[in-house]
Amino acid sequence: MHADNLSTPLTDLEHRDEFVGRHIGPNERVIGGMLAAIGTATLNTLISETVPTSIRTQKPLDLPPPMTEHSALAVLKTIAAKNVVKKSLIGQGYYGTHTPPVILRNLFENPGWYTAYTPYQAEIAQGRLEALLNYQQMVVDLTGMEIANASLLDEATAAAEAMTMARRVSKSKGNVFFVDEASFPQTIDVLKTRATYFGFDLVFGRPEDVASLVDTHEIFGALLQYPNARGEITDLTMPIAALKGKGAVVAVASDLMALVLLKPPGEMGADIALGSSQRFGVPMGFGGPHAAFFATREAHVRSMPGRIIGVSKDARGKNAYRMALQTREQHIRREKANSNICTSQVLLANIAGMYACWHGPEGLRRIAARIHRLTAILAGGLGVDGKDYFDSFEVKVGAGALHARDSASLASETAKIHAAALVAGYNLRHVDDQTIGISLDETTTRDDVAALLSIFGKAMDHAAPIEALDAARPCAIPASLQRRSPILAHPVFNMHHTEHGMLRYLKRLQNRDMALDHSMIPLGSCTMKLNAAAEMIPVSWPEFSQMHPFAPLDQAQGYLELITGLENQLKAITGFDAVCMQPNSGAQGEYAGLVAIRRYQAANGQGQRNVCLIPKSAHGTNPATAQMCGLEVVAVACDDKGNVDVADLQAKAEQHAANLACLMLTYPSTHGVFEEAVKDICAIVHTHGGQVYMDGANLNAQVGLCRPADIGADVSHINLHKTFAIPHGGGGPGMGPIGLKAHLAPFMANHAVQSIAGPHDGQGAVSAAPWGSASILPISWMYITMLGGSGLTRATEIAILNANYVAAHLKDHYPVLYTGKLGRVAHECILDIRAIKAATGIAEIDIAKRLMDYGFHAPTVSFPVAGTLMVEPTESEDKAELDRFCAAMIAIREEIRRIEQGEWTLEASPLKNAPHTEADLMDEWTRPYSREQAVFPLPWVAENKFWPYVNRIDDVHGDRNLYCACVPMEDYE
């Protein structure tokens, strides 16, 4: 020990703020030099030059001091221990599953997979793109459809997306959407919310009712559930035909494990198949995150929501994967987009796809058959007959009794069975006072079935030995509904069944992807900060991962304490009076926030307010979300400095005062600047009767310095996957809870199945689970707890420092497009490439591809301004990494000058040929630059070289020759 340490106070030796220095990149030794490079004296001065005084918070965050990693984990472990995890046989879209350990360890818990970003830069994302293509192939095979997307947020919102897709595709002029009354209740809940603001009329009934309904209603679409919420399976061919005969588009919500054995929806004529892939190896996690699957006919592909992975060719003619048909997406089509979805559930979809690769078709058939056999044995032992089912059924208490019993005695008997089940460690589904629902799953054993028979036998005398019940090989799937078509025939599902095989396959794919474990990802508006290991560890704890979202709340006291604690943390940070945790993405948060506004205004006799003002600089999700809420989008101009044109806002607020619903405002602006007039902007909207929705995409620049509610926002979504350290997972999961002021709190989302206590009782849901993707909330709780109030504020200050440091280093090479009045940027900066493009033909995309050769992911390309790159370094990157990135950008600028000077032609330049692969080195070299210049352009690149797996991908070829399934084996090799 250094002698000086011997006299150090104990408080300092405890080093409770240790994590602050682990999370934040620059230390005190280098900050002074960075400030000098920027041209300012102190960090406080920089913040004063950047953040308007009028909005600065005058007191520290009301949060405890920082906590060490081990201390925070110990506290959270104590909270987690308050959860009581039983075997939940509740079903309703959530089932026990075994995550294969090789997938848990090497994918789910692997930063090479979970710290990657959405694969917009496909050349350095070939690993997870291949994994997603596997997932799409799995979904296509099991549903019997022709094309699938790369996942949606959850089953209920996937059903809502199917409803709106049906409206886009249907030839019917009607306004009625038919819903199977035996759909999952959470799905019905979400459908009701969505239909309200689209103006659709929902009609509920049984599939067999369709034949008569189509003659009395103009139905544009329908949702059928197979198996349904009662577990029943019926052939839907006739109802589907009747609906389609009248021009309706039919969606079938289904179950991938059931479809291993059941006739698929595609063979019944369905137009859309959807559901959750959760039971393919993804823990229930108290509701998520889970990947919803969504498949359709190829004729409808351009109307399908979500991302689609397709096959194209690279510059050498090699097969290469990419996101296909991106012009459908909200950031391009804005209010005309198919959906407001700007993410999917990539990490969870990849787990599900790898689960299928691990087990293969035979393994899945064995698991599905075992589930069904145990279900049939249990149902037979309980005397349930006359129904067809896969893994779920309902038991009528007292059915078959010799003497009729009154309802009170039956209710008492039902309660006793539930109580006995709880004592034995099982949650059964309460249907009504005389009916119990049971769903078995992959984790169910013969011992569980024997225990359940014993529990019921005490009251019903139906117990029988397992072997005796199995002797007849009971089956409740009629021959007409048994699957005849093959599944998962592609070799990828038939060659990775040993652990070495799967381990090496996962590693091979991981090596093709650039993630935060390799280098910084400077994507503007994406906040690719550190996802600390201590934050991630609790997600795998069984106390959090194995909880059913509809388990009795007295078993989820740990979760409720965690959620309440996180809500209180977020309220302190944002200034809002209430927080709703249900939205499971940023786009869902936007939707939940606007829904709360619309409900509030309707309740106050102002339902006519339907105009939404949105600055032209806004992210495309804003107008896409507004149209989903039945709002008319009116664009507000921006001035030459990138700020909202206050005069134009004033004029439009006055023009639409009678019908003004809200303003959607991003702050700091999407242009990366703290606008001085933000309080005036909010006041204008409030004066004219509107509400202010603040897009929380850039909250990372506000934490500890200012608060959305204090600025004037009425509601804002909070991207936990940006500001509060939940990883992006290669394109999901995310979480987008909303903060609301007190007057809007009674109108935030609630849930029909698991009602949340509060003033919002009775409000409809926006997501499938009550608290969204609850199992990843420990990440944000740990992040806030370990940093504490002072650490959070320091993180924001350093995020602003890092952005200004990069801007100062690069401004002489690439103009910084927008700054504040004192020449500062917020937490990100926009580099203007347009003059370079006009002079040389080098575009921003060429710089993006060339950065791959230097070992970096590109900044955000052409958003929010075409012809630019937006850089957000976050607080987690140290000065050395920032210097490497700036050196790469400066070196690329020098390469561009060689084109300007005529030394290289445009087409023969390293920028147009980027990225370079190992295969390029094997060619006869005829290019005007050296091999070393191509692949080791700066001395340090070779020390940690990332080799792109493919050369530049032909996007046009991929969209013109759309192919979105696993490639043939001869190409696969």
Side-chain angles (χ1 to χ4, degrees), residues 107 110-137 148-152 291 306-314 318-332 341-354 506 508-526 528 585 721 727-734 845 848-849 851-852 855-863 914-915 917 946-955 957-959 962-967:
L107 196 165
N110 184 344
W113 286 86
Y114 66 68
T115 68
Y117 188 65
T118 302
Y120 284 114
Q121 298 299 329
E123 292 86 353
I124 52 175
Q126 290 296 291
R128 65 187 179 281
L129 286 168
E130 179 173 318
L132 287 171
L133 205 67
N134 295 345
Y135 169 84
Q136 289 179 182
Q137 182 70 64
N149 70 17
S151 75
L152 294 176
R307 298 203 166 112
I308 308 168
I309 308 308
V311 183
S312 187
K313 299 287 185 182
D314 76 353
K318 180 180 179 179
N319 281 332
Y321 312 121
R322 57 182 285 276
M323 293 197 297
L325 302 178
Q326 290 186 56
T327 53
R328 300 155 39 258
E329 292 193 12
Q330 37 67 35
H331 65 283
I332 294 175
I341 290 173
C342 65
T343 190
S344 48
Q345 300 281 28
V346 167
L347 188 68
L348 300 315
N350 283 338
I351 292 172
M354 289 301 170
L506 290 170
R508 186 161 73 246
L509 296 186
Q510 179 189 338
N511 288 346
R512 298 173 186 174
D513 284 16
M514 186 178 289
L516 283 174
D517 62 340
H518 182 272
S519 57
M520 71 182 287
I521 300 179
L523 283 158
S525 194
C526 299
M528 298 295 292
S585 78
H721 53 287
H728 286 71
I845 193 65
K849 303 304 181 187
L851 273 168
M852 298 175 189
F856 285 106
H857 193 290
T860 300
V861 176
S862 283
F863 175 82
T917 64
F946 182 91
W947 289 99
Y949 183 64
V950 295
N951 291 94
R952 192 174 305 196
I953 297 172
D954 187 337
D955 291 326
H957 175 88
D959 282 350
L962 193 64
Y963 190 86
C964 300
C966 291
V967 296

Heavy atoms, side chains only, cut-off 4.5 Å: are [X] and [Y] in contact?
{"X": "Leu107", "Y": "Gln510", "value": "no"}
{"X": "Pro727", "Y": "His721", "value": "no"}
{"X": "Tyr117", "Y": "Cys526", "value": "yes"}
{"X": "Val861", "Y": "Gln121", "value": "yes"}
{"X": "His857", "Y": "Leu523", "value": "yes"}
{"X": "Pro859", "Y": "Leu851", "value": "yes"}
{"X": "Thr917", "Y": "Trp947", "value": "no"}
{"X": "Ile521", "Y": "Phe856", "value": "no"}

Show the nearest heavy-atom pair for residues [X] and [Y], with the distance to one decimal.
{"X": "Leu516", "Y": "Thr115", "value": "N-OG1, 3.1 Å"}
{"X": "Thr118", "Y": "Gly731", "value": "OG1-CA, 3.4 Å"}
{"X": "Ala848", "Y": "Ala858", "value": "CB-CB, 3.4 Å"}
{"X": "Ser519", "Y": "Met514", "value": "OG-SD, 3.8 Å"}
{"X": "Ala324", "Y": "Leu962", "value": "CB-CD1, 3.7 Å"}
{"X": "Ala122", "Y": "Tyr321", "value": "CB-O, 3.4 Å"}

Applying side-chain contact (heavy atoms from CB on, under 4.5 Å) to Tyr120 and Met323, what does each step give before you reach the verdict?
CA-CA 7 Å; Tyr120 284 114; Met323 293 197 297; 3.2 Å; yes
Which distance, rounded to the nearest 0.5 Å, do you find between the [atom1] of [X] and the [atom2] of [Y]?
{"X": "Asp955", "Y": "His957", "atom1": "CG", "atom2": "NE2", "answer": "11.0 Å"}
{"X": "Asp517", "Y": "Asn110", "atom1": "CG", "atom2": "CG", "answer": "7.0 Å"}
{"X": "Leu347", "Y": "His728", "atom1": "CG", "atom2": "NE2", "answer": "13.0 Å"}
{"X": "Leu129", "Y": "Asn350", "atom1": "CG", "atom2": "CG", "answer": "9.0 Å"}
{"X": "Ile309", "Y": "Gln137", "atom1": "CD1", "atom2": "CD", "answer": "14.0 Å"}
{"X": "Gln345", "Y": "Ser585", "atom1": "CD", "atom2": "OG", "answer": "8.0 Å"}

Answer yes or no: is there a donor N or O on one side and an acceptor on the other, between the side chain of [X] and the main chain of [Y], under 3.5 Å?
{"X": "Asn149", "Y": "Ile308", "value": "no"}
{"X": "Asn951", "Y": "Pro915", "value": "yes"}
{"X": "Ser312", "Y": "Asp954", "value": "yes"}
{"X": "Ser151", "Y": "Ser344", "value": "no"}

Salt bridge (Lys or Arg N to Asp or Glu O under 4.0 Å) with Glu123: of Arg512, Lys318, Arg322, Lys849, only one passes, and it is Lys849
Sorted by chain and number, sequence neighbours left out, salt bridge (charged side-chain N to carboxylate O under 4.0 Å, His left out) with Asp513 holds for Arg128
